[in-house]
Amino acid sequence: MDNFTFYSPTKFVFGKGMESEAGKLVKEFGGSKVLIHYGGGSVVRSGLLDRVKASLDEASIAYVELGGVKPNPRSGLVYEGIDLCRKEEVDFILAVGGGSAIDSAKAIAAGTIYDGDFWDYYQGKPILKALPVGTVLTIAAAGSEGSGDSVITKEEGMFKRGASGEGIRPKFSILNPELTTTLPPYQTACGITDIMAHLYERYLTNSTDVEVTDRLIEALLLTMKKEGPRAIKDPADYEARANIMWAGTMAHTNSCGVGRSQDWSSHCIEHELSALYDCAHGAGLAVTMPQVFKYVMNHNVMRFAQAAVRVWGCEMNFENPEQTALEGIDAFASFLKSIGMPSTIAEFGGKEEDVPVLTKSLCYGDGGNGTLSGFVTLTEEDCANIYKMML
């Protein structure tokens, strides 16, 4: 196990009706004027936005609003939010929605108090300071409610990149599983896939003797394997939704990733899919992960074989562990397909001539150096081969 420091100070408030606590929590963490940041649609129609506003009114917290966040959130709205926060002297950002709203809120929080272009953070500058952020989560997926991470798409060039830093870790996150029961099955499945990706990206490690975190990851994968189909079959199943929501948070606080190297190649490779095709991140990951896993499997075949046995119930073939590893990857791919996820980029309208475009943007776009580091270092040729496997 590698040396590590783990610090995860977010206050999680979990359960039915907890959005009514938003005003009290903002006040607890020093907010006096809030930007409510959200997408629109269901947040408005369901009355959630009005309930959050009522909570802020009750706590005598002033607020301004900025809606319009899209899936794969865009830089243009971030710049608009930064300008609004400076003009209105906002001192707290409250994201109401899923990972897109939260990631956009984090970018605004960082950019508002930064003298330069907020995109500097998405080119590698760590985020050490930002306005405080709180969240009211409506989709179990990205884990952004408990992480110091954010992903934004830069509209000039359509580069989808991530930023990190303790400055944008939420001060509090309200998790009410009831808010997820109206999600369509496809969105639910995309969220399940994203959660499982966060677990697998940590599972693929070059660190040794990490049994504790291996077992934590396996337990959460087993939870998703059980509860995911339950939630899709019965969207109103509160207990299934509750288990998925907490698993999504646990998957990305990094409690499962301490003391071990991590991968994140699948996420980087997928970001180009959602930037080019504007597909849901989880759907892109469903296409990406099985092919990445098959491509890098022989780097440490026993890591994949272990997951095959412990998570997917495969029988270990000690004479041919490659067979066991492949059975596990295929079982994972079959699970994703069973919950309604795509398996090829053709299902997004992708075609072979897109491969050079995807590869160039991944390897060289917005400051790329031509390779992708992680569980295995992937060259431009490797990345092109993986994209071809996805066709």
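Computed from a predicted structure; not experimentally measured.
Nearest heavy atom pair, residue I152 against residue R74, reads CG2-C, 4.0 Å. Closest approach of I244 and E227 over heavy atoms only: CD1-O, 3.6 Å. The two residues N385 and Y295 come nearest to each other via the heavy atoms ND2-OH, 3.2 Å. Heavy-atom minimum distance, I127 versus A110: CG2-CB, 3.8 Å.
Judged purely by distance below 3.5 Å, without hydrogens or angles, the side chains of S55 and D57 never pair a donor atom with an acceptor atom. Checking N317 against T324 by side-chain atom types alone, no donor-acceptor pair falls below 3.5 Å. D354 and Y277 share a donor-acceptor pair across their side chains, judged by distance under 3.5 Å alone. Side-chain atoms of D103 and S100 form no donor-acceptor pair, as typed in the model, at a separation below 3.5 Å. E178 and T181 share no donor-acceptor pair across their side chains, judged by distance under 3.5 Å alone. Side chain to side chain, S361 and E272 meet the donor-acceptor criterion of an N or O pair below 3.5 Å. Side-chain N/O atoms of K171 and T10 include no donor and acceptor closer than 3.5 Å. Side-chain atoms of T223 and N243 include no donor-acceptor pair closer than 3.5 Å. A donor-acceptor pair shorter than 3.5 Å cannot be found between the side chains of N369 and Y364. When only modelled atom types and interatomic distance are considered, S266 and E270 share no side-chain donor-acceptor pair under 3.5 Å. Between the side chains of N72 and T153, no donor N or O sits under 3.5 Å from an acceptor N or O.
Ring pair W246/F14 is perpendicular by interplanar angle, where above 60° counts as perpendicular and below 30° as parallel.
Aromatic rings from W264 and H252 are positioned such that their centres are separated by under 6.0 Å.
Considering only heavy atoms from C-beta on, S173 comes within 4.5 Å of L175 through its side chain. The side-chain heavy atoms of T359 and E380, taken from C-beta on, include a pair separated by under 4.5 Å. Taking 4.5 Å as the limit, every side-chain heavy atom of M1 sits out of range of all side-chain heavy atoms of V258. Residues F92 and V133 fail the side-chain proximity criterion, which asks for heavy atoms closer than 4.5 Å. Contact annotation: the side chain of Q262 never approaches that of E201 to less than 4.5 Å [non-hydrogen atoms, C-beta and beyond]. Put simply, the side chain of C85 reaches to within 4.5 Å of the side chain of I93, judged on heavy atoms. Residues K226 and L222 fail the side-chain proximity criterion, which asks for heavy atoms closer than 4.5 Å. For the pair E145/T249, a side-chain contact is recorded, criterion being any heavy-atom separation below 4.5 Å from C-beta on.
Under a cutoff of 6.0 Å and an axis angle of 45°, K225 and F335 do not form a cation-pi pair.
The distance from atom CG of L77 to atom OG of S104, rounded to the nearest 0.5 Å, is 5.0 Å. N206 contributes atom CG, which lies 7.5 Å from atom CG of N300 (distance to the nearest 0.5 angstrom). To the nearest 0.5 Å, atom CZ of residue R161 and atom CD of residue Q123 are 9.0 Å apart. Of the inter-residue distances, the one linking D234 atom CG with I232 atom CD1 reads 11.5 Å to the nearest 0.5 angstrom. Taking CE of M250 as the start and CZ of F12 as the end, the distance is 8.5 Å to the nearest 0.5 Å.
For K87, the salt bridge (Lys or Arg N to Asp or Glu O under 4.0 Å) criterion is met by no residue, not counting sequence neighbours. The salt bridge (Lys or Arg N to Asp or Glu O under 4.0 Å) search around R86 returns none, not counting sequence neighbours. Every salt bridge (Lys or Arg N to Asp or Glu O under 4.0 Å) that E65 has, sequence neighbours left out, goes to K53. Taking the salt bridge (Lys or Arg N to Asp or Glu O under 4.0 Å) definition, one finds that D237 meets it with R230, sequence neighbours left out. Under the rule for a side chain to side chain donor-acceptor pair (under 3.5 Å), E80 has no partner lying at least two apart in sequence or in another chain.
For residues 205-215, the salt bridge (Lys or Arg N to Asp or Glu O under 4.0 Å) pairs, not counting sequence neighbours, are E211-R215, E211-R310, D214-R260, D214-R303, R215-E218.
Between F118 and the choices Y122, Y114, Y121, the ring-ring contact (aromatic ring centres under 6.0 Å, His included) rule is met once, by Y122.
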Given side-chain contact (heavy atoms from CB on, under 4.5 Å), test H37 with I102 step by step and report yes or no. CA-CA 8 Å; H37 196 41; I102 298 170; over 6 Å; no

Audit row: E88, K33, salt bridge (Lys or Arg N to Asp or Glu O under 4.0 Å) steps and yes/no: CA-CA 8 Å; E88 296 289 339; K33 189 167 187 180; 3.0 Å; yes

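With respect to E28 and K11, a salt bridge is recorded, a charged nitrogen being found less than 4.0 Å from a carboxylate O.
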